Amino acid sequence: MAAAAAAFCPSFFFSLSSITDSEGKNDNEISTLNRFRNPGSLLLLRHCRGTRISCSSTASDPTGVHHHQQLKSRRPPEENIREEACRRDEANASHGFSACYVPFDAPADTAETYSLDDVVYRSRSGGLLDVRHNLSALKRFPGSHWRALFDSRVGRTTWPYGSGVWSKKEFVLPEIDPDHIVSLFEGNSNLFWAERLGRDHLGGMPDLWVKHCGISHTGSFKDLGMTVLVSQVNRLRSAPLNRPIAGVGCASTGDTSAALSAYCAAAGIPAIVFLPTDRISLAQLVQPIANGATVLSIDTDFDGCMRLIREVTAELPIYLANSLNSLRLEGQKTAAIEILQQFDWEVPDWVIVPGGNLGNIYAFYKGFEMCRELELVDRVPRLVCAQAANANPLYLYYKSGWADFKPMVAADTFASAIQIGDPVSIDRAVFALKATDGIVEEATEEELMDAMSLADRTGMFACPHTGVALAALFKLRERGVINTNDRTIVVSTAHGLKFSQSKVAYHSKEIANMTCQYANPPVHVKANFGAVMDVLKKKLEGMG
């Protein structure tokens, strides 16, 4: 029975020596015990009233719980879920899981390491940093253990595992105390089967999926990284560290500022955001304002805002929240792990990611590669980075055979969140693409808007950045690079409602030099039966 329970709940090693048979048990207890033989919802354990379960730190227990716990139907009413997590002491560090900063792409034996509690963004040489985990400690547990552990946490309210990010806590920030975590239960986003788009418009692709990362608290994938960064800042500002951090700041094309502002508001930490004037949607602009951030609208582009925020954070006690800070990538990589979970740990063939500042493509690689190295899966998918043609420095670098990278001044694009000409994570992106035999593709403004609008006609409500990724998919299908039966994931990075202005302009055919072939404007009809019937008959005949 102990073995069955341990398999049932990979978070703990259960000693059920007090349960020898069903004699003297009520019907509910007998039913619950029988269910141990069928590993299902971990919540069933909560119905074992009055059963003493011994928890000890063993090879089946990476969280190191050392006390006896009386299982009840629910926690005491005076105790909230954060206090419950602290009582259970799941942050115990005896398991040896840890992480640190190292220079990006540093050798395994590098002597240059930094604590995650250090406020540092660059290596001694001025290069990027990366978060490196103690893989030898993680490898003490087989891949089957991690798969079962992560799966057991999905959909729960147990703090902080209700989050799609923090349900993989050991792979993200293993040493942070649950009480310091700032989470809005982000992640766990829908993997949408794009059946009709694949069948009717892409040559019959039966295994096409869209990962809706924009179905999140602030409407973008940026929440995944921001929960990690703001949690670490919350740790630094709290006892015993008490670091003098006055606030958190970022430059943004919209979504980063929204995520930062929401998480800082939840934590009670001041947020400062630099936004390029008149270059983001109103929905994106109002989010940090509503959450109480200090918003500076600056007459420059994103790259100009980025230069200014780096200068400011070098002089003031403001923690930098842009993807130059590698902590955010630890949260973003969990979207890759989540995709694997959603396919029952089967690896897709292709993952297509829109690219601007280029941290996200590396984050997806990092998530997939970490799972491969720890034997949760046996390979990684091929990655595609999709860029808008008006902001395509990575694409041009790729077309040169990785011979000549040139920053550019990005032109206006409807995919405003990736309107970046000098991406911070260029080296990370190139590394990820080379490691996965990846591809870079681009999309013109008309291509991305048509792809977005065509997808909408099949039941989606995509953002322009998803349109960039979809346009890249269309091109790769036309060239035969992606095959009909390849399992393909398109990453949708933001919610379409944040970009409704671009959709209105498209369907009103108000975009200069664009045909808008899938426009569907409203039909103005006189208020009488005959006029309505004429319009509907004509419409129905056209559908025949």
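The structure displayed is predicted, hence computed values, not measured ones.
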Exercise for review: Kindly give the heavy-atom pair with the smallest separation between Asn188 and Gly162, and that separation in Å.
Suggested key: ND2-O, 3.1 Å
Exercise for review: Drop me the distance from Phe414's CZ to Gln501's CD, to the nearest 0.5 angstrom.
Suggested key: 10.5 Å
Exercise for review: Could you walk me through whether Ile511 and Glu445 pass the side chain to side chain contact (heavy atoms under 4.5 Å, CB included) test, one step at a time?
Suggested key: CA-CA 10 Å; Ile511 303 173; Glu445 293 302 288; over 6 Å; no
Exercise for review: Please examine the side chains of Leu128 and Ser123, heavy atoms only from C-beta on, and report whether any two atoms are closer than 4.5 Å.
Suggested key: no
**Study point:** With Val490, the side chain to side chain contact (heavy atoms under 4.5 Å, CB included) member among Val384, Ile352, Val353
**Key:** Ile352
Check your understanding: Quick one: are Val380 and Val347 in side-chain contact, heavy atoms under 4.5 Å?
Key -> no
**Study point:** Considering all heavy atoms, the nearest Ala258-Gln287 contact
**Key:** CB-OE1, 3.2 Å
Review point. Is the ring centre of Phe405 less than 6.0 Å from the ring centre of Tyr397?
Key: yes
Study note, to complete from the structure: Between Val154 and Gln341, the two heavy atoms sitting closest are CG2-NE2, 3.6 Å
Practice item. Indicate yes or no: at least one non-hydrogen side-chain atom of Tyr263 is less than 4.5 angstrom from one of Ser231. Key: no
Check your understanding: Quick check: does any side chain N or O of Thr256 sit under 3.5 Å from a backbone N or O of Ser252, one acting as donor and the other as acceptor?
Key -> no
Exercise for review: Compute whether any side-chain donor of one residue and acceptor of the other, for Glu373 and His133, lie under 3.5 angstrom apart.
Suggested key: no
Exercise for review: Flag the pair Pro393 / Lys406 as yes when at least one side-chain heavy-atom distance between them is below 4.5 Å, and no otherwise.
Suggested key: no
**Study point:** Under 3.5 Å donor-acceptor, Ser238 side chain and Asn234 backbone
**Key:** yes
Review point. Would you say Asp299 has more than 12 foreign heavy atoms packed within less than 6.0 Å of its CG?
Key: no
Check your understanding: Can any side-chain N or O of Ser400 pair as donor or acceptor with the backbone N or O of Ala403 at less than 3.5 Å?
Key -> yes
Review point. Only one of Asn390, Thr466, Leu470, Val468 forms a side chain to side chain contact (heavy atoms under 4.5 Å, CB included) with Leu448, so which one is it?
Key: Val468
Check your understanding: Between the side chains of Tyr121 and Asn322, is a donor N or O closer than 3.5 angstrom to an acceptor N or O?
Key -> no
Check your understanding: Does the pair Arg372 and Glu369 meet the rule for a salt bridge (charged side-chain N to carboxylate O under 4.0 Å, His left out), with working shown?
Key -> CA-CA 5 Å; Arg372 186 202 64 78; Glu369 175 59 19; 2.6 Å; yes
Check your understanding: Is there a salt bridge (charged side-chain N to carboxylate O under 4.0 Å, His left out) between Asp130 and Lys366 once you walk through the steps?
Key -> CA-CA 10 Å; Asp130 202 10; Lys366 194 172 185 184; 2.9 Å; yes
Exercise for review: Go through the steps to decide whether Asp456 and Lys503 satisfy the test salt bridge (charged side-chain N to carboxylate O under 4.0 Å, His left out), and finish with yes or no.
Suggested key: CA-CA 10 Å; Asp456 287 353; Lys503 291 181 181 289; 2.5 Å; yes
Review point. In Å and rounded to the nearest 0.5 Å, what is the CG to CD1 distance from Asp177 to Ile181?
Key: 8.0 Å
Check your understanding: What's the spacing between Asp278 CG and Leu275 CG if we round to 0.5 Å?
Key -> 11.0 Å
Study note, to complete from the structure: Looking only at heavy atoms, the pair that brings Arg328 and Leu229 closest together is CG-CD1, 3.8 Å
Point to revise | Lys139 atom NZ, over 12 foreign heavy atoms within 6.0 Å | key: yes
Check your understanding: What pair of heavy atoms forms the shortest contact from Ser326 to Leu129, and how long is it?
Key -> CB-O, 3.4 Å
Practice item. Could you tell me if the ring centre of His465 sits under 6.0 Å from that of Phe499? Key: yes
Review point. For Ser163 and Glu186, does a side-chain donor sit closer than 3.5 Å to a side-chain acceptor?
Key: yes
Point to revise | Tyr506 vs Asp450, side-chain hydrogen bond (donor to acceptor under 3.5 Å, both in side chains): CA-CA, chis, key distance, verdict | key: CA-CA 9 Å; Tyr506 183 92; Asp450 282 346; 2.5 Å; yes
Exercise for review: Evaluate side-chain hydrogen bond (donor to acceptor under 3.5 Å, both in side chains) for Gln419 paired with Asp301, printing each intermediate quantity in order.
Suggested key: CA-CA 9 Å; Gln419 185 180 324; Asp301 58 10; over 6 Å; no
Review point. Do NZ/NE/NH1/NH2 and the carboxylate oxygens of Arg243 and Asp117 come within less than 4.0 Å?
Key: no
Check your understanding: Yes or no on side chain to side chain contact (heavy atoms under 4.5 Å, CB included) for Val248 and Ile318, after CA distance, side-chain angles and deciding distance?
Key -> CA-CA 5 Å; Val248 189; Ile318 297 172; 5.6 Å; no
Check your understanding: What is the ring orientation for Tyr398 with Trp402, classed by angle as parallel under 30°, tilted 30 to 60°, or perpendicular over 60°?
Key -> perpendicular
Practice item. Mind checking the CG-CD1 spacing from Asp223 to Ile215? Nearest 0.5 Å is all I need. Key: 12.5 Å
Check your understanding: Has the side chain of Glu447 got a donor or acceptor atom that lies under 3.5 Å from a matching backbone atom of Thr444?
Key -> yes
Check your understanding: Under 3.5 Å, is there a donor-acceptor pair between the side chain of Lys168 and the main chain of Gly164?
Key -> yes
Review point. Okay, side chain of Thr334, backbone of Gly331: is any donor-acceptor separation there less than 3.5 Å?
Key: yes
Review point. Are the side chain of Arg147 and the backbone N or O of Leu376 linked by a donor-acceptor pair below 3.5 Å?
Key: yes
Practice item. Carefully, step by step, assess Gln232 and Leu173 under the rule side chain to side chain contact (heavy atoms under 4.5 Å, CB included). Key: CA-CA 9 Å; Gln232 178 63 7; Leu173 284 187; 4.1 Å; yes
Practice item. Write down the atom of Cys100, the atom of Tyr114, and the distance for their closest heavy-atom approach. Key: CB-O, 3.3 Å
Point to revise | Spacing of SG belonging to Cys264 relative to CD1 belonging to Ile272, to within rounding of 0.5 Å | key: 8.0 Å
Exercise for review: Report yes or no: do Ser492 and Lys211 form a side-chain donor-acceptor pair below 3.5 Å?
Suggested key: no
Point to revise | Proximity of Trp146 and Phe97 rings by center, below 6.0 Å | key: yes
Check your understanding: Are the charged groups of Glu170 and Arg153 less than 4.0 angstrom apart, N to O?
Key -> yes
Exercise for review: Let me see the working for Val424 and Leu358 under side chain to side chain contact (heavy atoms under 4.5 Å, CB included), right down to the final yes or no.
Suggested key: CA-CA 7 Å; Val424 167; Leu358 302 180; over 6 Å; no
Review point. If you measure from CD on Glu330 to NZ on Lys169, what distance do you get to the nearest 0.5 Å?
Key: 13.5 Å
Exercise for review: Begin with the C-alpha distance, continue with both residues' side-chain angles, and end with the deciding distance and a verdict on salt bridge (charged side-chain N to carboxylate O under 4.0 Å, His left out) for Lys222 and Asp255.
Suggested key: CA-CA 7 Å; Lys222 300 293 178 71; Asp255 290 332; 5.5 Å; no
Exercise for review: Tell me whether the centres of the aromatic rings in Phe431 and Phe104 are closer together than 6.0 Å.
Suggested key: yes
Check your understanding: Hey, is CG on Asp404 packed in by over 12 heavy atoms from elsewhere, all under 6.0 Å?
Key -> yes
Check your understanding: Below 4.5 Å, heavy atoms only, C-beta onward: do Ile339 and Pro348 meet side chain to side chain?
Key -> yes
Practice item. Measure centre to centre between the rings of Phe171 and Trp166, then say whether the value is under 6.0 Å. Key: no
